[in-house]
Structures are given as structure tokens and as C-alpha cells.
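One structure below.
Below, all heavy atoms of this structure are taken into account, side chains as well, without hydrogens, waters or symmetry copies. Remember, it's 1-based here, ligands and their atoms both numbered in the order they're listed.
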Amino acid sequence: MAKIAVMGFGTIGSGVFDVVNTNREILKKTSGEEITVKYVLDIREFPGHPVEKVLIHDVDTILNDPEVTVVVETMGGIEPAFTFVKKALEAGKSVATSNKELVAKKGSELLATARENHVSFLFEASVGGGIPIIRPLLSCLTADDIQEVNGILNGTTNYILTKMNQEGTDFDAALKEAQDNGFAERKPEADIEGYDACRKIAILMSLVLGRRVDFEDIHTEGITKITTRDFAYANKLGWAIKLLADGWKLDDKVYAIVAPFLVKPEKPLYMVNDVFNGIMVHGNMVDDVMFYGRGAGKDATASAVVGDVVDIVKNPGITIYEGWEEEKQPLSDIGGACRQFLLRVKCEDAEKAEALFAGAEKIDAGIPGEVGYLTQTMPESEFNKAAASLDVIHSIRVQV
Ligand code: HSE
């Protein structure tokens, strides 16, 4: 019998408790052992809830119990999650976490601690919620040179952009609707400013490159500046606007960006709507592979966490992923990336824009007083330099 401890009984932690209890027989078959929750750690009380029987308030109870071989961390945030996870690994316990802040910030150190102690630190649920992406990258796409990972990695912003597109809702109203429906947090900055997607692409790029990609190095823009007027242009073009998290290799350089992009219908990520996530991986042999599913939510995310627990139970005494090296992967300036741009300027700037952006296609979205241009493919640095001499209303990148 495998006895596990769950640290943090919030949405995901309670989901893990439910999955283990609901799928008891399935887990016995897939892992080869009965899996039970011996402890749940939380500072709160849950009177009348079945978790009461296993609820504890002191992490040392878990750390000092040799029967507990697997610890699930679903507390979120850096502290005290980091200290607890580190101590659990040092105590010879494997850890499965859904905590992307922790993995993005402290992943290298925790992976090293896991290696030193011959245990595993797994984090499938930290990216893409219930979508299997980390295990496929590490176990299946191993014959390929992975050249790009491009994804819609945040369900909240995808929901907001889908509402703005389909219902003509403005950003504030779409955000409020997302909050009312429980898709967006009351404090939504991490999602709408792109920070959440940034951490997730940093984790995926670290895995792909085998070196630490610091999320602080990634050029990150959120969706707060996207307006219904931008969607008027997108609709005119028949394209979507998506918050993309893109990391890619070109020659000897590595680039990464999180920003809103115009996405053409022939692109796989075009059809990823609402709270769903989609991740496109491009390998030099396999070509494009697409992963799609629920990137957030209690049951989907808990399913991924428990999948990691099964993997750990099936592979005792070994480190399942060696992980990435501590050595930092430098990222190239995003100014060197080449793409088209949608540029919106006031009518009085039209002539100047046409002179600066030779060959740009004029787009009339029917908005009085302004005109749009779809530029030729050009480096971002050149676009920015030329655009600096115009009174730009807004510009949006076009997905390559
Ligand atoms: N806030 C995240 C999202 C939850 O909206 O995708 C999953 O990490």
C-alpha cells in the first residue's frame, strides 16, 4: 500500500483527495498498489468533511513518518511550499506538485535535491492543467530536436478573449463575466498580465533545452490593452486574437515571448477557445504535435497530479526525471524575431505609415478616424523603430 500526504486542501488538493477516493480501483490497477491519503496538511479546519479524519496542521508529522513515500504539494506560491517540498525530498519522499510558481522559480534546485536523494520531483499539473505535456515531452518526443513550443497556456485569458471575439464584449465586462463564472481570480493580475503563461513556457523551455530558462528573462505582455477595436480588425481579417506563449530555437539562438497575437484560421491554435488550453510542439522529425484540453480546474488538474503519484508508486527508489541543468539558458533579444504586425494609426498618419512600412496592406475595419496596416514580415526591432515616429493607436503581432 502506498501512503501519500497532501499539503494544501484548496481547490486542487481537495481534487486530489477526491480522485484518490473515487478512482481507488483504477489507481490500484495502474500503479500496482492501493493508494491512500494518510495525511492532509492545512492550517484550516473542515468540520464535517471526510478529510477531518486525516487532517493535520504540522508538516513535521509528514516529514517524520517513514510510511509516507509520496507528498503532493498543492499549496501554491513559493513559501512555505518551497521549504516543505525541499524538506520532504531531503527526507527521502518523492513530491508531485501543481505549483507552477514553485517549479518556475525553484525547479532547478528541487530537481537537484530529488536527484541527490534518489527520489522524484514531478510537476505534470504545473503546465496545461489536465493536459499531458511534460511526460510526452520527456518520454515520447525524445527522438526529436524540439524546435518550438507554442501554446495557449492560460485558460482565464483565453476565456476573456473568446468572449470579446464572439460576443463583442469589452475587456472589463469579459473579465467580470470570467470572475462571476469562477474562471478568473478576484485578483486576476497573474493571468491577465501574462505572468502565469510566462512561468509555464519557462518550465516547458527548460525541459526542452535541458537548461534553466528564467521566467524573468521572457518578454511578457498581457491582454489588458486589447480592445473591441482590435477585434474589429481581427474579424475583418477572419483571424483570432490569442495570448500565446512561444519559445523557439533559430540557428544558435533561443527566443521566448508571451503576448497577444493575431492567429490565422489555418493555425492549430486558432480553434482553441474558452477556458481550454492548446500546446503545439514542433519537432524536426515529427513536425507539429498538438495537445489540447482543460488547462485549469479542480478535477482535470488533480487528475494530472495523481498521474504523477502513480508514476512515482510504479518507480520506487529512482529519480524519474533528471530534469534540467542549473546552468542558465540565455534568451536572445525579441527584437531579432521576424514577423508581420497589425498597426493601427490615426488617418492623419496614414501617408507617413505607408512610407515607413513599404508594401503594408491597408485594412479598413470601419472605425472612423483611423486606419490599419498589415506590415510585411520584418524584425521586431525594425518595426519598433519605424513605429516610434508615428502616433500608434495599437499594434499586435501576427503569429508566424
Ligand atoms: N489561472 C490559470 C489559468 C490556472 O487560467 O489557466 C491554471 O494554471
(request) Can you spot which of Lys105, Lys106, Lys328, Arg199 makes a salt bridge (Lys or Arg N to Asp or Glu O under 4.0 Å) with Asp214? (result) Lys328
(request) Can you pull out the closest protein heavy atom to atom 5 (O) of ligand 1? Residue, atom name and distance to 0.1 Å, please. (result) Thr156 OG1, 2.6 Å
(request) May I ask you to check if ligand 1 and Asn277 share an N or O to N or O distance below 3.5 Å? (result) no
(request) Measure across Gln376 and Gly359 and return the closest heavy-atom pair with its distance rounded to 0.1 Å. (result) NE2-O, 2.7 Å
(message) Do Asn150 and Gln399 make a side-chain contact, defined as non-hydrogen atoms from C-beta onward lying under 4.5 Å apart?
(response) yes
(request) Return the option from Ala178, Ser98, Gly155 holding the heavy atom at the smallest distance from atom 6 (O) of ligand 1. (result) Gly155
(request) Go through ligand 1 atom by atom and flag the ones less than 4.0 Å from a non-hydrogen atom of Asn154. (result) 1 (N), 2 (C), 3 (C), 5 (O), 6 (O)
(request) Decide, yes or no, whether a salt bridge links Asp230 with Arg344 under the criterion of side-chain N to carboxylate O below 4.0 Å. (result) yes
(request) Examine ligand 1 and decide if any of its atoms is less than 4.0 Å from a heavy atom belonging to Gly295. (result) yes
(message) Can you name the atoms of ligand 1, numbered from 1 with element, that are less than 4.0 Å from a heavy atom of Ala296?
(response) 4 (C), 7 (C)
(request) May I ask whether Glu185 places a heavy atom under 4.0 Å from ligand 1? (result) no
(request) Run the numbers for me: atoms of ligand 1, each under 4.0 Å from some heavy atom of Lys200, listed by number. (result) 2 (C), 6 (O), 7 (C), 8 (O)
(request) If the plane angle is over 60° it's perpendicular, under 30° parallel, otherwise tilted; pick one for Phe123 and Tyr321. (result) perpendicular
(message) Under the criterion side chain to side chain contact (heavy atoms under 4.5 Å, CB included), I'd like the reasoning laid out for Thr113 against Phe121: C-alpha separation, chi angles, the key distance, then a yes or no.
(response) CA-CA 9 Å; Thr113 308; Phe121 176 60; over 6 Å; no
(message) Can you name the atoms of ligand 1, numbered from 1 with element, that are less than 4.0 Å from a heavy atom of Asp191?
(response) 1 (N), 2 (C), 3 (C), 5 (O)
(request) Give the numbers and elements of all ligand 1 atoms closer than 4.0 Å to a heavy atom of Asp196. (result) 2 (C), 8 (O)
(request) Apply the salt bridge (Lys or Arg N to Asp or Glu O under 4.0 Å) test between Lys86 and each candidate in Glu109, Glu73, Glu79; give the one that qualifies. (result) Glu109
